[in-house]
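See below for the structure under consideration.
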2 protein chains.
Amino acid sequence: MPGAPTPQPNLNEIRGLLKELAGPDGAAGAAAEAHQAQLTKPAGALGRLEELAIWLATWQGRHPPRLERPLTAVFAGNHGIAAQGVSAYPPAVTAQMVKNFLDGGAAVNQLCGYADSDLRVYEMALEEPTADFSEAPAMSDADCARAMSYGMLAVEDGIDVLMLGEMGIGNTTSAAALCHALFGDEAGDWVGRGTGIDETRLAHKVALVDASVARHRDAMTDSLEVLRHLGGLELAAIAGAILAARRARVPVLLDGYACTAAAAVLHAFNPSALAHCQVAHVSVEPGHGRLLQRLGKRPLLDLDMRLGEGSGAVVALLLLKAAAACHTGMATFAQAGVSGPA
Amino acid sequence: MPGAPTPQPNLNEIRGLLKELAGPDGAAGAAAEAHQAQLTKPAGALGRLEELAIWLATWQGRHPPRLERPLTAVFAGNHGIAAQGVSAYPPAVTAQMVKNFLDGGAAVNQLCGYADSDLRVYEMALEEPTADFSEAPAMSDADCARAMSYGMLAVEDGIDVLMLGEMGIGNTTSAAALCHALFGDEAGDWVGRGTGIDETRLAHKVALVDASVARHRDAMTDSLEVLRHLGGLELAAIAGAILAARRARVPVLLDGYACTAAAAVLHAFNPSALAHCQVAHVSVEPGHGRLLQRLGKRPLLDLDMRLGEGSGAVVALLLLKAAAACHTGMATFAQAGVSGPA
């Protein structure tokens, strides 16, 4: 309605979207599978590269799949919990690293350059961190919904695949709290050293996650409430971007622990919500492997990475491009005059 | 000596080379490590990408390392053992696939195209397979040494990294026999389905490997004799290429089971022989994981691949290039004005 005021976003709208997710395109997937079977290699010999090509076609809804416009979106936010001394680095590093992204000096810049991916960096009100969730809910309903909506806007028209990443001093504490609230187990099972903290800080981090989840337990009536109480702006934006990508038929590569924890919020709400996502790699952060088991996701890479900023996702884009190159470029048995099994 | 006849190559010459291997360039490695420590990321946060950059500098003997001229060399040979019905495909497929490589239709062509690697395909007398090693030694001393020398020539001047691959119907049987002879265990521990054989052929393959190793046991007085009795021309060429790469300071990416089994011959002779090699991926072929444990090598990728033809090695080149891009392109903490740990 022209002239009508933009309504304030709220989490109930997003709950509605999460209940009506687009399904796979079975016809495109079947076309990809039929094509794979004719290529000059023993059936299945390219392993996960074959699966990736089929997955890409299935969730793009298009055969052959296309990878001309990859986009890497990195969301940066600050966390009130960082004031509790849970990170090896001061909160000012979030903004400093955003500047580094914009200046082209970070790992993700070099990786996007090599993988030929566009890169967008989204600053989420770095001067206004979320509330310290050991004392209060991290976000209001409106702030959380606005951050998710902001993330949705990252899914630009015409992109072929979306790599997601984050930057936020303190956000592995948030990730651990989200996982502990969503999946149970002990707080210590989900907490790791993040950017590299010592034993004392690690014990403090575990105690904070444990107490914070206990404090908000009764108020966290669904997984979006978990996100609102324990998440961060950049994590809410990632969840929004995943949701929008599903609606736009854009397959997604998730990065490490914080990114996957944000995705887990959607999975807890609707177990099919991450079917269009691959997890790029398993992080050294110990909660990540545990989280992937809960999500039933096998990572594409295991390279001992723990950087965030979308770095692992962009490395996995290389595999996706390799898969697509084989799928679209190989000769068939008939074309090449190669004999099949005797 | 100009005018002197080229002496017939023999395995004793190669034994001599294997005893005098170039060591790592500690200065180049230390320069790479010192540079890594200044880049804008928590120490170690890029995991194996950091290790790869340091390894590359160490074995190229140059900091910064360089990746402008990657070369992928695929050796193809035919095996007398293939007459025993150990493969799902007829031996004619070796030559058909070589034609497919030359026509640009195979997986390795697409991967080299995407990874921007030169590709050379070496036909090893496809009309003259090795002897059936269940009945006689696969090769004479001169034939084995000539094949190794041929592989050495693949290490062209000025290349920065060498990806190795093979094609040869029957060569997972040869690989299994090499491993059983070199490392013991049961023949069945080393035998898999190769291109996809059924239970009956699998049992036959196990029995052949078992009997062949037993037949030649006493004659196989060192690992080069193991190669001569049970190997193949393309596997001998791969071993030669690895050896020549070491002398030329060219780091190597090994591919799957057959390729790594050829490499294992060198390792058994001199345990430091593969220090300049990374194993690109672990194959679905079950002997490969076992072999990597024996070699103390952790694969870079685990993508359920089992194609050979250098395909996994070229996928790993993508990781190596990503590692080099980060290593050479990232800003330092000082350049970017990013704070260190608090």
Side-chain angles (χ1 to χ4, degrees), chain A residues 39-49 51 85 87-90 92-93 96-97 99-100 103-107 109-111 113-115 194-196 284 300-308 311 314-315 318-319 321-322 325-332 335-342, chain B residues 39-49 51 85 87-90 92-93 96-97 99-100 103-107 109-111 113-115 194-196 284 300-308 311 314-315 318-319 321-322 325-332 335-342:
Chain A
L39 302 178
T40 44
K41 55 177 178 49
L46 281 174
R48 296 194 78 187
L49 296 188
E51 291 171 22
S87 174
Y89 288 79
V93 166
Q96 291 167 353
M97 281 302 296
K99 180 171 182 302
N100 196 25
D103 291 344
N109 299 100
Q110 320 318 314
L111 294 169
Y114 173 52
T195 49
V284 177
L300 291 165
L301 295 162
D302 180 4
L303 293 171
D304 297 344
M305 293 171 72
R306 54 178 172 82
L307 180 57
S311 54
V314 184
V315 176
L318 299 170
L319 302 185
K321 288 194 170 191
C326 289
H327 186 78
T328 58
M330 283 177 72
T332 63
Q335 285 167 344
V338 172
S339 307
Chain B
L39 302 179
T40 45
K41 56 179 176 47
L46 282 174
R48 295 194 79 188
L49 296 188
E51 292 170 22
S87 175
Y89 288 80
V93 166
Q96 292 167 353
M97 282 301 296
K99 180 170 182 302
N100 196 24
D103 291 344
N109 299 100
Q110 320 317 314
L111 294 169
Y114 173 52
T195 49
V284 177
L300 291 165
L301 294 162
D302 180 5
L303 293 171
D304 297 343
M305 294 171 71
R306 54 179 171 82
L307 179 57
S311 53
V314 184
V315 176
L318 300 171
L319 302 185
K321 287 194 171 191
C326 289
H327 186 79
T328 58
M330 283 177 72
T332 63
Q335 285 167 343
V338 172
S339 307

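Numbered from 1 within each chain, the chains take letters A, B, ... in sequence-line order.
Between the CE atom in A:Met330 and the CG atom in B:Asn109 there is a gap of 9.0 Å [rounded to 0.5 Å]. Taking CG of B:Leu111 as the reference point, atom CG of A:Leu49 lies at 7.0 Å (rounded to 0.5 Å). The structure places CD of B:Gln335 at 9.5 Å from CG of A:Asn100, a figure rounded to the nearest 0.5 Å.
The minimum heavy-atom distance between A:Pro42 and B:Arg306, with the atom names listed, is CB-NH1, 4.0 Å. Scanning all heavy atoms of the two residues, the minimum distance from B:Pro90 to A:Gly340 falls at CD-O, 3.7 Å. The shortest non-hydrogen separation linking B:Thr40 to A:Ala106 is OG1-CA, 4.2 Å. In this structure, A:Arg48 and B:Asp302 approach most closely via the heavy-atom pair CD-O, 4.4 Å. Smallest separation of non-hydrogen atoms from A:Leu46 and B:Met305: O-CG, 3.6 Å.
Note: A:Gln96 leads A:Lys99, A:His327, A:Gln96 in heavy-atom pairs under 4.5 Å with chain B. For the set B:Asp304, B:Val284, B:Leu39, the count of heavy-atom pairs under 4.5 angstrom toward chain A peaks at B:Asp304. Put simply, of A:Gly105, A:Gly47, A:Ala45, A:Ala331, the one with the most heavy-atom pairs under 4.5 Å next to chain B is A:Ala45.
Neither the backbone nor the side chain of A:Asp103 comes within contact range of chain B; no heavy atom of the residue lies under 4.5 Å from a heavy atom of that chain. Residue A:Leu303 touches chain B through both its backbone and its side chain, counting heavy-atom pairs closer than 4.5 Å. Contact annotation for B:Ala107: both backbone and side-chain heavy atoms come within less than 4.5 Å of a heavy atom of chain A. Only the side chain of B:Val93 comes within less than 4.5 Å of a heavy atom of chain A; its backbone N, CA, C and O stay farther away.
Among residues two or more places apart in sequence or in another chain, the side-chain contact (heavy atoms from CB on, under 4.5 Å) test is passed with B:Ala325 by A:Gln110, A:Tyr114. For B:Thr328, the side-chain contact (heavy atoms from CB on, under 4.5 Å) test picks out B:Pro64, with sequence neighbours left out.
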